[in-house]
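Predicted, not measured: the structure shown is a model, and the values here were computed from it. Remember, it's 1-based here, ligands and their atoms both numbered in the order they're listed.
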Amino acid sequence: MTPQTHKITVVVPKTSLDPNPIIHEATVSAPTNIACIKYWGKANSQYNTPINSSLSVSLDQTDLRAVTTASASSSFDRDRLWLNGIEVLDASTSKRFRACVDGVRALATDKVVVDPATGAKCVVVTKDEWSGMHVHIASYNTFPTAAGLASSAAGYAALVAALVRLFGAEESYPGEFTAIARQGSGSACRSLHGGFVAWRAGGKKSDWSDSIAEQVADELHWEEVRAVILVVSDAKKETSSTDGMSDSVATSELLAFRAREVVPKRMNIIEEAIKAKDFESFGKVTMMDSNQFHATCLDTYPPIFYMNDVSRSVVQMIHMYNAWAGEIRAAYTFDAGPNAVLYTLDKHVVELLALVLKYYPAQSEDLVGDYVSNLALAQKALEF
Ligand code: DP6
């Protein structure tokens, strides 16, 4: 056959079988956080906004984080999510997941690369092209399996942060990314910042764009603060936070009083305490707020019991310790489960661990880590 002289154009369509699809990806991690002033109760369930402001500490250690890789490609045929290596099959239709993916993607910007040789800028993905791409999300918790900590705060914060990086997203108002993360899980908005973080309830704006998280003080401001986690049980909680708070809003008069009268004052007290590094005031308001949160659970009808007998014995132990010391050296707080988080200062950690070992001898071995060499000494010093 003789070669033809007329020109043809060969088109090879990109399909999912394309051996070299272009995949854009970004990996980000986010910390878990533990609230000192608790969020409990939704003002608006569509926007997932709270009836009261809250304040938390981000636990910045590498072993208490969610690490998330978000990737996008025109070769992906649907949005998919894997948690700790296992695919979550109904993820793409979940309202919470959709709010985060669609919310961040709507803020995408053109992806631009700069040629290092010439300095010339080239748009490799336009804003509109991002909106036509599906995402694959892979997320891992670095929490020790027995930590008994909720992972949704760190998980949704890492999801939003990874998508922001992937799409080069830009906020149209300050705090918008935290407003997107709260639609994944309320407490997640606080995990987008390190240090001490307040979630302002908002509600003055009709679209709830004022319900955002902001940093009160960064992680370097009060570095002496430590969190000790006492795992009372690593079983999954019986009543989820979402269901529990909806029952409390419907039935607890104490909750409405708390949101209106108590929490605004406590937010001021704790923010002042953090600024002044006043552990006495920080610890007292933290314990009182944990107690009131669990009182609203008891005031819910039917009542919700998150703390158990062991949790209550931890409360007693901490009050005994502080009475012995003549000052507040440790403060407990409990979320929607029986596990205790104890806040203390670095100079009291050994003493506090010695106390835990004394009262819970069989269970505490895993807790003591690097502090073990000083424990015998500290245990001797503790006489009640
Ligand atoms: C007791 O943030 O898990 O830990 O918004 O429904 O996902 P949803 O709830 P979630 O509730 C956390 C409740 C809490 C208190 C707190 O972290 O402030």
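Contact residues for ligand 1 (protein heavy atom closer than 4.0 angstrom to any ligand atom): A35, K38, Y39, W40, K42, N48, R96, S185, G186, S187, R190, S241, T242, M245, F293, D335, A336.
Using modelled atom types, one finds no donor on one side chain facing an acceptor on the other under 3.5 Å when comparing K42 with T242. Side-chain N/O atoms of S58 and D60 include no donor and acceptor closer than 3.5 Å. Defined by atom type and a distance below 3.5 Å, a donor-acceptor pair is present between the side-chain atoms of S211 and W199.
Ionic pairing of D115 and K121 is not present here: no N-O contact between side-chain nitrogen and carboxylate oxygen is shorter than 4.0 angstrom.
If you take CD on Q183 and OG on S45, they are separated by 11.5 Å, rounding to the nearest 0.5 Å.
The main-chain N or O of I22 is found under 3.5 Å from a side-chain atom of S73 such that the two form a donor-acceptor pair.
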